[in-house]
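Written below as structure tokens is the structure these notes are about.
Hydrogens, waters and symmetry mates play no part in the numbers below; they use all other heavy atoms, side chains included. From a predicted model like this one, the values you see are computed outputs, not experimental measurements. Counting convention: from 1, in listed order, for ligands and their atoms alike.
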Amino acid sequence: MGFDVWSLFLLLALSLWSNSHALKMNPILSRIRRAPQAAEENKKCSYTFLVPEQKITGPICAARGYSTDKDRVTRLDVASVRDLLSKQRQEMETLKLVVDVDGNLVNEMKLLRKESRNMNSRVTQLYMQLLHEIIRKRDNSLELAQLETRILNATAESLRLTSRYKELEAKYAALSAIVNNQSVLIGQLEEHCMQMYSRRHEQPPIGPPLVQVVPENIPVSVPRFTNEIQSRNARGFGPERGSRSGSTPTSTTFQTPPATLFKKSPFRDCQEAQEAGHSTSGMYLIKPDESERTVQAWCEQDIDNGGWTVIQRRKDGSVNFFRNWDNYKTGFGNIDGEYWLGLEAIYKLGRQGDYKLMVEMEDWMDKKVYAQYDSFHLEPESEGYRLRLGTYQGNAGDSLSSHNGKQFTTLDRDKDTFSGNCAHFHKGGWWYNACGQANLNGVWYTGGVYRSKFQDGIFWADYGGGFYSMKSVRMLIRPID
Ligand SMILES: [Ca+2]
């Protein structure tokens, strides 16, 4: 449209110029042409007509009467020129208006383009925002899916636990029912026992008086009432394992080590073995002078100049000491562990000469104490292997002198001065009085202080009292120097 307007404008301008030029040129041509004519006419009338070389703006002076109608500028011509000029002016005005309108349109177009660019960038920005939102929502949906999965898993786990809990509840209910039934049964049995007991009209056995506790000698760091019978934990000893209520053995149960472990030829005691050059502690074969049989014994050659024959040893509860007379007479146990040499052998040893006795003890704080008696021997079996002791010396306290002159008592042979059998209460065999200050053949407890109705531990009353069981004990004899 702009091109058309401009071309139209150009054409109009050209035509205007050509007309005006023609107008400018016409007077000159007419003057040149009119010059010969004027020479002719000067004969009649002479005047000069000057045509200004400028745009005709005012009235044009026309010669009257002398020019031909053909050459004269008529009023009509002027009017037509004026009319033409007027039209051209109007067209110019129109064109000016058109140009103004076009300019406004161009500005408007520029504004619109600018606005369009702004809109484009805004749209791009919004598009990016939308994209970002979409991505974010997709991520959120992924997270939601994961969360849903986890919730589902947790729900399944909780359901599983609930069912497990219900199963356990059912089991608990069943066990409770069993316990209730057993409680009823126990009640019935107790009632039955009471009836049986009342029928017999018997009094329950009365235990011996408890040995007085000597608190100042109890190792204080040992926790009270934590003891258990060690023999329950001891392994590999089979029937030799000790127990509070172990069955009564019926035969001698010496465990015989291989013969090669013993030193050659039986000796009358360990001192003789030492004098024969056997200066190492270990297992030896002993045959006292009057004895008909050879016995196994442990010889202690390392303490107090050696030559000590071990007649009793406790160290780990591996051997049951709650035994009958025959067992205590012939001996039992393991020579390299816990054992009892045998009353007959001890008696025969004492027959050979003057012997002394040493009792070695170790508490649960690993403190070692001893009690020594400057003479020791037993009377024969016909006298119940009565104990004969000399004078005490040592740091453990004298808990054996009260047993001096007493016969030996076992669970099946009551030779003590108590109304009942002390062996039943003290769970061992000993030269019980009524019943005793020492019980080295009692039950081996761990931890020292033990809990029991009767004092049946390995106690030495003057060291620890009746409720402190020693960790290890040895009774050794050797000839007096
Ligand atoms: Ca008695």
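Residue contact annotation: F418 places an N/O/S atom under 3.0 Å from the Ca ion (ligand 1). The Ca ion (ligand 1) has no N, O or S atom of K415 inside 3.0 Å of it.
In this structure, Y450 has its ring center closer than 6.0 angstrom to the ring center of F467. In this structure, the ring of F459 has its center less than 6.0 angstrom from the ring center of H426.
The side-chain contact (heavy atoms from CB on, under 4.5 Å) test with V310 is passed by exactly one of E360, M358, R474: R474.
At a cut-off of 3.5 Å, with distance as the only test, no side-chain donor of D363 or Y468 sits close to an acceptor on the other residue.
With respect to the Ca ion (ligand 1), D416 has OD1 as its nearest N, O or S atom.
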